[in-house]
A.B. asks: 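Take a look at this one; I'll ask things after.
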Amino acid sequence: MSSAFVPAPQRKPSNRFARFLRAAAVATIAAGVVFAAGFGWFADYVSRLSTPANPPSADAIIVLTGGQSRIDAALDLLKSGKGQRLLISGVNPAAGRKSLQVATGGDKTLFSCCVDIDYAAMDTIGNAEESAKWVESHEYGSVILVTNNYHMPRSLLEMGRFIDKANLKPYPVVNTRLDGGTWMTKPEAVRVLFTEYTKYLGALARTVVPLRSTPDGVVLVEASTKSSTN
């Protein structure tokens, strides 16, 4: 007499795999919470930055291109004697010195004597590299850094990686008031802040990348670290 067919019992996921799935889910949720909390902190910090009414003087001034108001602010600082010399970093190669001077309404004599233009930098990392060379060649001990408020945290981080002998003094340019939580009611502001926050996290990650020194004494990133534009 033939024996009855007994189906083999179905395999259940192992306890180890189930624990792995639970741990992965918890880690994903935790990472999301940390990312969201970090963005909230970043947006609140940026929104509270304000342009100093009367900043202390420094040896020089560096402005990172990306907006007309940045250059105007830097030129005003130069005119008022807040720095001996100004570097405009990241200028489009198609813009000559004269056309830049006319476009900004800058004083021709001031441009001739006290303004240097960097055409090499293509992004914030490039700004930092070229600025470091400029600071090193002039042996400046203090520099006013001019850029927009949302761009300032990342700029200071990148600049600090390359400029270690000069004191960087932030001069944030504020085009739109975002304090008091008003940034949350402006979709464009949220988009800009979120984009800049992700770039800031990338800059934080780059702080652990080894640096090497060039023959002229400037430190450079050992690995390739291409970044988005300003």
A.B. asks: Taking the side chain from N92 and the backbone from A94, do they hold a donor-acceptor pair closer than 3.5 Å?
C.D. replies: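 Judged by distance alone, yes, a pair lies under 3.5 Å.
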A.B. asks: Can you hop from F111 to Y119 via hydrophobic side chains spaced under 4.5 Å?
C.D. replies: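 In one cluster: yes.
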A.B. asks: With under 30° as parallel and over 60° as perpendicular, where do the rings of Y200 and F42 fit, or are they tilted in between?
C.D. replies: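 Tilted: the ring planes of Y200 and F42 meet at 30° to 60°.
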A.B. asks: Take T198 and F35 through the side chain to side chain contact (heavy atoms under 4.5 Å, CB included) test and state the conclusion after the steps.
C.D. replies: CA-CA 9 Å; T198 58; F35 181 87; 4.2 Å; yes
A.B. asks: Rounded to the nearest 0.5 Å, what's the gap from CG on D118 to OG1 on T65? Could you check?
C.D. replies: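 It comes to 8.0 Å.
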A.B. asks: Which label fits W134 and H138: parallel for a plane angle under 30°, tilted from 30 to 60°, or perpendicular past 60°?
C.D. replies: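 The arrangement is tilted - the two ring planes meet at 30° to 60°.
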A.B. asks: So, S47 side chain and D44 main chain: donor-acceptor pair closer than 3.5 Å or not?
C.D. replies: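 Yes, S47 side chain to D44 backbone: donor-acceptor pair under 3.5 Å.
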A.B. asks: Working to the nearest 0.5 angstrom, can you tell me the gap between Y171 OH and L49 CG?
C.D. replies: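 Rounded to the nearest 0.5 Å, the OH-CG separation comes out at 13.0 Å.
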A.B. asks: So does R177 have more than 12 non-hydrogen atoms from other groups sitting under 6.0 Å from CZ?
C.D. replies: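 Incorrect, the count does not exceed 12.
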A.B. asks: With a 4.5 Å cut-off on side-chain heavy-atom distances among I, L, V, M, F, W and Y, is there a chain of contacts connecting V46 to V174?
C.D. replies: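 V46 and V174: separate clusters.
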A.B. asks: Got a donor-acceptor contact below 3.5 angstrom from the T51 side chain to the P172 backbone?
C.D. replies: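 Yes: the side chain of T51 pairs with the backbone of P172.
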A.B. asks: If the threshold is 4.0 Å, N to carboxylate O, is there a salt bridge linking E136 and K133?
C.D. replies: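 Between K133 and E136 there is no salt bridge, as every charged N stays at least 4.0 Å from the carboxylate O atoms.
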A.B. asks: What orientation do Y197 and F194 show, parallel under 30°, tilted 30 to 60°, or perpendicular over 60°?
C.D. replies: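 Taking F194 first and then Y197, their aromatic rings sit tilted (interplane angle of 30° to 60°).
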A.B. asks: I need the single residue from N149, N148, T147 that forms a side chain to side chain donor-acceptor pair (under 3.5 Å) with H151. Which is it?
C.D. replies: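 Only one option passes, and that is T147.
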A.B. asks: Are the side chain of R161 and the backbone N or O of L156 linked by a donor-acceptor pair below 3.5 Å?
C.D. replies: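 Such a contact is absent between R161 side chain and L156 backbone.
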A.B. asks: Would V135 end up clustered with L145 when hydrophobic side chains under 4.5 Å apart are linked, directly or stepwise?
C.D. replies: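 In one cluster: yes.
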A.B. asks: Only pairs under 3.5 Å count here: list side-chain donor-acceptor contacts from residues 55-63, not counting sequence neighbours, and write none if there are none.
C.D. replies:
unit_1	atom_1	unit_2	atom_2	d
D59	OD2	G141	N	2.7
D59	OD2	S142	N	3.2

A.B. asks: Could you tell me whether the side chains of T124 and R154 share a donor-acceptor contact shorter than 3.5 Å?
C.D. replies: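 Yes, side-chain donor-acceptor contact under 3.5 Å.
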A.B. asks: Assigning hydrophobic clusters by single linkage (Ile, Leu, Val, Met, Phe, Trp, Tyr; side-chain heavy-atom cutoff under 4.5 Å), is L64 placed with Y150?
C.D. replies: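 As far as the 4.5 Å side-chain criterion goes, Y150 and L64 are connected within one cluster.
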A.B. asks: What distance separates M122 CE from E130 CD, expressed to the nearest 0.5 Å?
C.D. replies: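 It comes to 11.5 Å.
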A.B. asks: Spell out, yes or no, whether I163 and L204 are grouped together once hydrophobic residues are joined by side-chain heavy atoms under 4.5 Å, including indirect joins.
C.D. replies: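 Both belong to a single hydrophobic cluster.
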A.B. asks: Step through it carefully: locate the ring centre of Y45, locate the ring centre of W183, and say whether they are under 6.0 Å apart.
C.D. replies: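 They do not qualify: ring centres at least 6.0 Å apart.
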A.B. asks: For K165, look at atom NZ and say whether over 12 heavy atoms of other residues, nucleotides or ligands are found less than 6.0 Å away.
C.D. replies: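 Open.
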A.B. asks: With rounding to the nearest 0.5 Å, note down the distance linking CD in E188 to CZ in R191.
C.D. replies: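 Rounded to the nearest 0.5 Å, the CD-CZ separation comes to 4.0 Å.
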A.B. asks: Measure the spacing between CD of Q101 and CD1 of I88 and express it to the nearest 0.5 Å.
C.D. replies: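 Reported to 0.5 Å precision, the distance equals 10.5 Å.
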A.B. asks: Say you draw a straight line from CG of L100 to CD1 of I117; how long is it, rounded to the nearest 0.5 Å?
C.D. replies: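 Between atom CG of L100 and atom CD1 of I117 there are 5.0 Å.
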